Amino acid sequence: DGGITQSPKYLFRKEGQNVTLSCEQNLNHDAMYWYRQDPGQGLRLIYYSQIVNDFQKGDIAEGYSVSREKKESFPLTVTSAQKNPTAFYLCASRVAGNSPLHFGNGTRLTVT
Amino acid sequence: GNSVTQMEGPVTLSEEAFLTINCTYTATGYPSLFWYVQYPGEGLQLLLKATKADDKGSNKGFEATYRKETTSFHLEKGSVQVSDSAVYFCALIIQGAQKLVFGQGTRLTINP
């Protein structure tokens, strides 16, 4: 079955450490996205990528970095510069046009 | 600009009650509209969609009709179940745009 795989489901890190969240899709979608969700809140866009080797900042890119070396992979690095990194991170992908987003099951990051 | 406004939650209903979650939008172009559902600890799942005026999206007993005259896409279900307890997000995308626009989400709790 095609889908989006985010790993790990839970991630714990100490303050000051960088951490990379994995996102892999086998849907052959061109576009991929990273969102952040805080408890009881909506979605906020961190970064997105329409094609390989190209990506754009979303609304809250500070303290995050991404790469898009392969169509199926869009890893997100949460750097030590991110002031409040503890959150639920969602990866998504879509084809072009008016298509909807398909989401992974998320990674819950806790930084202490 | 483009925006989506959902009714404030949380919404609490008894099992078998009728559900309406209001969603209105503003859009600079001609949007496609979506409803997503998020169960606890999971990613968002596409529940239904509509791509043009008067289209009715439906899935799992849920329905929503794309009303251009009132710029609305209200979610309805005739008889809710405890398993429908989740957070529901309304969203849109404009033709040619790269990003979906999400509402803030509405938390629904169904009591037995």
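Everything quoted here is computed from the prediction, not taken from an experiment. Only this structure's heavy atoms are used, side chains among them; waters, hydrogens and symmetry mates stay out. Labels below follow one simple rule: chain letters A, B, ... track the order of the sequence lines, proteins then strands, and each chain is numbered from 1.
- Applying the ring pair (Phe, Tyr, Trp, His ring centres under 6.0 Å) test between A:Phe103 and each of B:Phe34, B:Tyr36, B:Phe89 identifies B:Tyr36 as the sole match.
- Applying the 6.0 Å contact sphere to CD of A:Glu69 captures no more than 12 heavy atoms from other residues, nucleotides or ligands.
- Residue-environment remark: CZ (B:Phe18) exceeds the threshold of 12 foreign heavy atoms within 6.0 Å.
- Both the backbone and the side chain of B:Leu44 come within less than 4.5 Å of a heavy atom of chain A.
- Across every non-hydrogen atom of B:Ser32 and A:Asn98, the tightest pair is OG-ND2, 3.1 Å.
- Taking hydrophobic clusters as Ile, Leu, Val, Met, Phe, Trp and Tyr residues chained together by side-chain heavy-atom distances below 4.5 Å, B:Leu108 shares a cluster with B:Leu48.
- Crowding of B:Gln81 atom CD: a count of heavy atoms from other residues, nucleotides or ligands under 6.0 Å exceeding 12.
- Contacts between A:Leu45 and chain B at a heavy-atom distance below 4.5 Å involve the side chain alone, from C-beta outward.
- Proximity to chain B is absent for every atom of A:Gln6, based on heavy atoms less than 4.5 angstrom apart.
- Ranked by heavy-atom pairs shorter than 4.5 Å toward chain B, the options A:Lys9, A:Gln41, A:Gln37 are led by A:Gln37.
- Contact record, B:Gln98 with A:Tyr48: OE1-CE1, 3.1 Å, taken as the closest heavy-atom pair.
- Linking Ile, Leu, Val, Met, Phe, Trp and Tyr whenever their side-chain heavy atoms come within less than 4.5 Å leaves A:Tyr64 and A:Leu43 in two separate clusters.
- By the rule that hydrophobic residues join a cluster once side-chain heavy atoms approach within less than 4.5 Å of another member, B:Trp35 and B:Phe102 end up as members of separate clusters.
- For chain A, the nearby parts of B:Gln95 are the backbone and the side chain; heavy atoms of each come within less than 4.5 Å.
- Atom NZ of B:Lys49 has 12 or fewer neighbouring heavy atoms from other residues, nucleotides or ligands inside a 6.0 Å radius.
- Residues B:Ile93 and A:Gly97 share a closest heavy-atom pair of CD1-O, 4.1 Å.
- No chain of hydrophobic side-chain contacts below 4.5 Å, direct or via other Ile, Leu, Val, Met, Phe, Trp or Tyr residues, connects B:Phe73 to B:Leu46.
- For B:Ala91, no part lies under 4.5 angstrom from a heavy atom of chain A.
- Contacts of B:Ile94 with chain A are made by backbone atoms alone, with heavy-atom separations under 4.5 Å and no side-chain atom involved.
- Between B:Gln38 and A:Leu90, some side-chain heavy-atom pair lies under the 4.5 Å cut-off.
- By the rule that hydrophobic residues join a cluster once side-chain heavy atoms approach within less than 4.5 Å of another member, A:Met32 and A:Val52 end up as members of separate clusters.
- Looking at A:Leu101, both its backbone and its side chain come within 4.5 Å of chain B, counting heavy atoms on both sides.
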